[in-house]
Protein chains: 2
Amino acid sequence: MASQRGEGETTATPLEPADRERARAIPEAAVARLAVYLRVLSGMADQGVTAVSSEELSQAAGVNAAKLRKDLSYIGSYGTRGVGYDVEVLVSHIERILGLTRNHSVAVVGIGNLGHALANYGGFPGRGFPVTALFDVDADLIGVPVGGIPVNHIDEITAVCLEREVSIGVIATPPPAAQSVCDRLVSAGVQCILNFAPVVLQVPDNVEVRKVDLAVEMQILSFHVARRADEAASVSNGNNGLGVDGMVIRP
Amino acid sequence: MASQRGEGETTATPLEPADRERARAIPEAAVARLAVYLRVLSGMADQGVTAVSSEELSQAAGVNAAKLRKDLSYIGSYGTRGVGYDVEVLVSHIERILGLTRNHSVAVVGIGNLGHALANYGGFPGRGFPVTALFDVDADLIGVPVGGIPVNHIDEITAVCLEREVSIGVIATPPPAAQSVCDRLVSAGVQCILNFAPVVLQVPDNVEVRKVDLAVEMQILSFHVARRADEAASVSNGNNGLGVDGMVIRP
DNA sequence: TACCGCTTGTGAACGCATGCACAAAGTCGG
DNA sequence: CCGACTTTGTGCATGCGTTCACAAGCGGTA
Ligand SMILES: NC(=O)c1ccc[n+]([C@@H]2O[C@H](COP(=O)([O-])OP(=O)(O)OC[C@H]3O[C@@H](n4cnc5c(N)ncnc54)[C@H](O)[C@@H]3O)[C@@H](O)[C@H]2O)c1
Ligand SMILES: NC(=O)c1ccc[n+]([C@@H]2O[C@H](COP(=O)([O-])OP(=O)(O)OC[C@H]3O[C@@H](n4cnc5c(N)ncnc54)[C@H](O)[C@@H]3O)[C@@H](O)[C@H]2O)c1
């Protein structure tokens with residue numbers, strides 16, 4: 001059953017039983033890719049494209065075509081064999097599965113360098129993630145509007161989060177404060193947390209945490225540089241596996 | 001630590017053939033975790049801890065102990081049975097495998113909200129990733145120092161990157177500019193790119209790209225909220241506006 | 001209507017990552 | 001010096017995710 005998009009229903013669109021079972025079975029990795037497909041498809045829709053094949057879409061999303069079709073199959077069969085997919089239809093179904101038919105209010109905690117950038121960022125509201133609350137401990141910041149939202153004191157976190165129905169908490173405080181901020185978000189009823197502080201957060205089972213760790217990203221890149229440089233070196237000097245277990249000999 | 005130039009100084013240890021083969025075999029997922037272990041271990045070292053067991057370390061890093069040991073086994077056998085691992089030894093071996101014995105200069109392109117935050121961030125230099133170059137197109141920004149580094153015009157990217165031996169390029173421009181910026185970084189010889197713009201970059205095989213996509217992260221969280229809300233609804237069998245735990249689901 | 005060419009959807013094979021369980025290898029107390 | 005205890009390192013089984021390959025299904029065409 002093909003539904004239309006952008007329906008301003010007040011109640012969150014419930015998934016049908018069949019969809020619900022499917023949603024439970026979607027691999028985490030596929031969910032991440034579905035979000036990417038959604039963005040590509042939205043871009044296509046904006047440019048007036050109405051139909052797309054798995055080959056075209058997979059190219060635009062940078063993945064294998066078979067993988068894309070399998071990912072889409074997790075949410076149902078909405079393509080037409082011999083033709084491809086209707087862009088609008090696909091967009092609306094991915095949105096539904098990802099729970100984007102409902103708005104998700106976001107609270108940012110820690111309005112420093114990163115917090116300011118996040119609060120000022122215009123890309124979230126347009127995608128259904130309005131930033132509706134900001135928190136910090138710094139007295140100089142309290143009451144100051146950032147990106148149009150005044151900063152609240154962290155002590156008000158429970159009241160404000162409940163009042164504004166915050167469903168996603170973003171942690172952008174220094175590492176030592178992160179766990180305590182996390183605990184406060186959790187007791188304020190926030191069940192989803194995006195953590196920028198380089199610490200491992202402890203949370204109850206019913207809370208979902210995702211972390212963005214730039215230092216780790218850089219170190220992974222570093223690993224690949226090193227590996228590459230090393231491969232190049234081994235090609236140029238043809239050194240084989242002799243001299244095991246020795247200290248490094250330098251000329 | 002380590003000199004700017006990657007010649008085999010005392011600290012910039014080249015990998016031995018045995019290690020090189022190992023490095024090639026380390027699963028990507030394990031590399032990411034090694035970076036996490038490294039941070040945890042560094043923190044322990046700072047607090048004067050000299051030895052640690054796989055159990056303790058795995059707890060602190062938030063992973064399974066067996067997985068941790070397997071990850072460490074990819075880089076060699078540096079533990080002592082019955083005792084555990086020497087923190088310093090482990091740190092130095094992980095650093096070596098990740099290529100952190102050498103400094104990696106970072107260039108940030110697009111000094112807007114996010115670019116400012118990155119340029120001002122003090123956490124990178126301390127970990128061997130000094131930000132040494134900033135680029136933008138905005139005439140008002142050129143020459144202005146951000147985080148101590150003056151902003152250069154994007155047209156100078158090749159000359160500046162070569163001169164300062166930039167090995168990692170960070171893209172923080174608006175999406176439409178990202179691919180062109182990426183191409184310019186690549187022709188400037190940069191082989192590692194960290195991309196914050198929500199676009200799929202096309203690069204040659206010898207260039208490594210990692211992307212940080214906040215919208216995707218939020219949508220993954222959204223998916224889990226939806227799934228959870230839905231489970232709750234199916235349990236309470238006949239949605240009355242209340243979910244589990246007394247959490248109110250928006251009417 | 002019947003055929004043809006194209007694209008989807010998916011069963012099955014494969015490969016990678018995770019977790020278990022235990023022998024090997026070390027320490028420490030007696 | 002020995003034996004008990006602790007913790008590592010890893011072979012193996014299991015499960016998840018990716019890729020392949022092709023039958024099924026649809027639109028267009030004669
Ligand atoms: N800036 C970056 O580019 C960057 C990059 C990678 C990681 N990070 C991480 O992101 C986090 C934030 O970085 P930043 O550069 O914005 O730091 P920052 O120091 O600029 O800002 C931190 C803010 O958090 C506030 N704060 C401190 N304790 C708090 C508490 N208990 N409750 C609420 N607010 C509190 C401070 O008042 C400050 O405004 C850090 O953990 C950092 O490691 C930042
Ligand atoms: N700010 C955030 O919190 C946030 C969050 C998620 C994603 N992003 C993404 O990160 C990127 C940057 O976001 P932002 O908020 O900092 O944007 P911004 O508009 O504040 O800054 C962009 C900067 O890039 C510069 N620029 C434009 N074209 C350029 C070019 N061709 N070469 C060099 N510089 C150029 C602009 O002059 C500007 O200074 C965007 O792609 C955005 O989607 C940002």
Side-chain angles (χ1 to χ4, degrees), chain A residues 2 18-19 21-37 41 44 49-91 93-94 97 220 223 245, chain B residues 18-19 21-37 41 44 49-90 93-94 97 220 223 227:
Chain A
D19 287 334
E21 221 148 281
R22 253 201 283 266
R24 206 167 285 145
I26 302 179
E28 187 82 9
V31 174
R33 286 190 299 267
L34 283 171
V36 174
Y37 306 152
L41 286 165
M44 288 177 168
V49 179
T50 58
V52 68
S53 73
S54 65
E55 187 58 41
E56 295 167 312
L57 184 52
S58 70
Q59 290 258 332
V63 303
N64 180 299
K67 194 191 289 189
L68 177 131
R69 288 200 300 275
K70 177 136 291 197
D71 288 345
L72 292 182
S73 80
Y74 290 126
I75 67 174
S77 299
Y78 304 112
T80 306
R81 294 171 188 227
V83 176
Y85 301 89
D86 181 289
V87 174
E88 294 278 338
V89 168
L90 222 43
V91 164
H93 281 108
I94 296 178
I97 291 288
I220 294 172
F223 169 79
D245 227 54
Chain B
D19 286 334
E21 221 149 282
R22 254 201 284 266
R24 203 166 291 146
I26 303 179
E28 186 83 9
V31 173
R33 286 190 299 266
L34 283 170
V36 174
Y37 306 153
L41 286 164
M44 288 177 168
V49 178
T50 59
V52 69
S53 72
S54 64
E55 187 58 40
E56 296 167 311
L57 184 52
S58 69
Q59 290 258 331
V63 301
N64 178 299
K67 194 192 290 189
L68 177 132
R69 289 201 298 276
K70 178 140 293 193
D71 288 344
L72 292 181
S73 80
Y74 290 127
I75 67 174
S77 297
Y78 303 111
T80 307
R81 294 173 188 226
V83 177
Y85 301 88
D86 181 289
V87 173
E88 295 278 339
V89 168
L90 221 43
H93 280 108
I94 296 178
I97 291 287
I220 294 171
F223 169 78
R227 199 173 53 76

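The sequence lines fix the lettering, A, B, ..., with proteins before strands; numbering per chain opens at 1. In this text, all values refer to a predicted model and were calculated from it rather than measured experimentally.
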Could you tell me how far apart [X] ([atom1]) and [N] ([atom2]) are, to the nearest whole angstrom?
X	N	atom1	atom2	result
B:Asn64	C:dT18	CG	C1'	8 Å
A:Lys67	C:dA13	NZ	C1'	17 Å
A:Leu68	D:dT19	CG	P	12 Å

Using every non-hydrogen atom in the two residues, find where [X] and [Y] come nearest and quote the distance to one decimal.
X	Y	value
B:Val87	B:Ala51	CG2-N, 3.8 Å
B:Tyr78	B:Leu90	CB-CD1, 4.5 Å
B:Asp86	B:Val89	OD1-N, 3.1 Å
B:Arg69	B:Tyr85	CG-OH, 3.9 Å
B:Val83	B:Ser53	O-CB, 4.5 Å
B:Val52	B:Glu56	CA-OE1, 3.4 Å

* Asked: Can you tell if the side chain of A:Leu72 reaches within under 4.5 Å of the side chain of A:Leu34, non-hydrogen atoms only?
  -> yes
* Residue-level proximity of residues 28-37 of chain B to DNA chain D when a heavy atom falls under 4.0 Å -> none
* Asked: When every nucleotide of nucleotides 7-15 of chain D is labelled 5' to 3' by its protein contacts under 4.0 Å (heavy atoms), B for base, S for sugar-phosphate only, - for none, what sequence of letters results?
  -> BBBBBB---
* Taking only residues two or more places apart in sequence or in another chain, which ones pass side chain to side chain contact (heavy atoms under 4.5 Å, CB included) with B:Gln59? -> B:Glu55
